[in-house]
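Notes to accompany the following structure.
Everything quoted here is computed from the prediction, not taken from an experiment.
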Amino acid sequence: MTILQSPPAKHRPRARTVLLTALAWALAALFVLPYVEMLITGGRPAGQLRDNSYLPTHFDFSSFTKVWTDTTLGQNLRTTLLVAGGSTLLVLLVALPAAYYTARVRFRGRKAFLLLVLVTQMFQPTALQVGLYREFFALDLLDTPIVLVLANAAFNLAFAIWILSAYIGSIPRELEEAAMIDGNGRIGALFRVTLPLALPGVVTAVIFTFISAWNEFIMGLTLTNSPDRQPLTVGINNMIGAYSVQWNYVFAASLVAIVPVVVLFAVIERHVVSGLTAGSVK
């Protein structure tokens with residue numbers, strides 16, 4: 001005798017779930033709309049830039065090609081890639097040893113050191129521009145990519161130390177001790193055990209340092225003079241003249257500027273989320 005079983009009842013989504021989903025999609029659309037507007041304006045013909053209509057009569061995306069030939073966008077993009085990559089690498093080289101030492105060694109003055117690191121994060125680059133300019137002028141480093149690498153690395157170092165120190169501190173030190181018992185030294189245990197486990201924290205420090213250096217404006221404007229040596233943010237600002245603004249070039253260049261960061265963040269987003277929550281639960 002077989003017993004017929006009724007199919008499981010399908011649960012309808014609750015009203016709260018539907019409401020939250022709709023709200024999430026509405027917020028996503030709200031954040032995407034500015035980029036849609038940038039794409040539409042970048043595709044407007046030059047004669048229709050001041051029209052009140054939302055959509056032009058026809059799209060002309062020649063601005064996305066002419067912006068490379070009529071402006072210094074290519075050189076600015078290369079400078080920004082060099083500055084963002086160089087400052088990120090320099091921050092990692094300095095922050096990793098500092099974060100590892102503060103997380104593993106309870107030395108005298110440890111809390112004061114961490115407090116000092118936190119205090120340096122409170123200074124705005126704008127308030128230090130005069131001092132930075134005089135210092136780099138004395139070192140004959142103005143109007144070079146190295147000056148932007150050093151300045152961006154200095155302002156992002158504190159955040160990287162705090163993030164990495166919290167993440168390394170959440171990793172049990174017994175794992176390193178077991179690796180050292182197996183014949184590894186402290187350096188070997190660091191590279192073979194700690195750093196692979198601390199990868200989300202490292203990725204978080206990398207992405208935040210890279211984005212901060214990529215979007216930096218005031219130091220690039222102050223410490224560089226040559227248009228082809230300035231970063232991308234300053235290069236886009238140079239398209240805004242005193243008597244006219246090339247809006248189609250501005251929006252086209254702005255879309256070009258955000259693509260690398262959006263792609264980078266989308267690729268490693270899951271590591272950033274786990275790195276930000278590091279150290280909250282031990």
Legend entry - Rounded distance [0.5 Å steps], OH in Tyr167 versus OG1 in Thr204: 8.0 Å

Legend entry - Thr88 vs Ile207, side-chain contact (heavy atoms from CB on, under 4.5 Å): CA-CA, chis, key distance, verdict: CA-CA 8 Å; Thr88 301; Ile207 190 66; over 6 Å; no

Legend entry - Same apolar cluster (I L V M F W Y, side chains within < 4.5 Å links), Trp247/Val36: yes

Legend entry - Contact summary for Ala98 and Ile161, nearest pair of heavy atoms: CB-CD1, 4.0 Å

Inset, instruction - Using only heavy-atom distances, determine whether the side chains of Asn156 and Ser212 contain a donor-acceptor pair under 3.5 Å. - result: yes

Inset, instruction - For atom OH of Tyr35, decide whether the heavy atoms of other residues, nucleotides or ligands shown that lie under 6.0 angstrom number more than 12. - result: no

Inset, instruction - Test Phe251 against every option in Val67, Ile40, Thr41 by the side chain to side chain contact (heavy atoms under 4.5 Å, CB included) rule and name the one that passes. - result: Thr41

Legend entry - The single option from Leu142, Val147, Asp140 passing side chain to side chain contact (heavy atoms under 4.5 Å, CB included) against Thr144: Val147

Legend entry - Side-chain heavy-atom pair Phe64, Leu39 within 4.5 angstrom cut-off: yes

Inset, instruction - Evaluate the side-chain contact (heavy atoms from CB on, under 4.5 Å) criterion for residues Asn238 and Thr71: first the C-alpha distance (whole Å), next the side-chain angles of each, then the deciding distance (0.1 Å), finally the verdict. - result: CA-CA 9 Å; Asn238 292 338; Thr71 67; over 6 Å; no

Inset, instruction - Say whether Leu77 and Leu82 are linked into one hydrophobic cluster, either directly or through other cluster members, by side-chain heavy-atom distances under 4.5 angstrom. - result: no

Inset, instruction - Check whether the side chains of Thr224 and Asp143 place a donor and an acceptor atom closer than 3.5 Å, and report yes or no. - result: no

Inset, instruction - Report the C-alpha distance between Ile236 and Ser254 in whole Å, list the side-chain angles of each, state the deciding distance to 0.1 Å, and finish with yes or no for side-chain contact (heavy atoms from CB on, under 4.5 Å). - result: CA-CA 7 Å; Ile236 295 175; Ser254 299; 4.0 Å; yes

Legend entry - In one Ile/Leu/Val/Met/Phe/Trp/Tyr side-chain cluster, 4.5 Å: Ile240, Phe217: no

Legend entry - Steps toward side-chain contact (heavy atoms from CB on, under 4.5 Å) verdict (Leu199, Leu195): CA-CA 6 Å; Leu199 182 60; Leu195 285 185; over 6 Å; no

Legend entry - Exercise: do Gln230 and Asn76 side chains pair donor with acceptor under 3.5 Å: no

Legend entry - Single-linkage hydrophobic cluster Leu81~Phe208, side-chain heavy atoms < 4.5 angstrom: yes

Legend entry - Atom of Leu221, atom of Val234 and distance for their closest heavy-atom approach: N-CG2, 3.6 Å

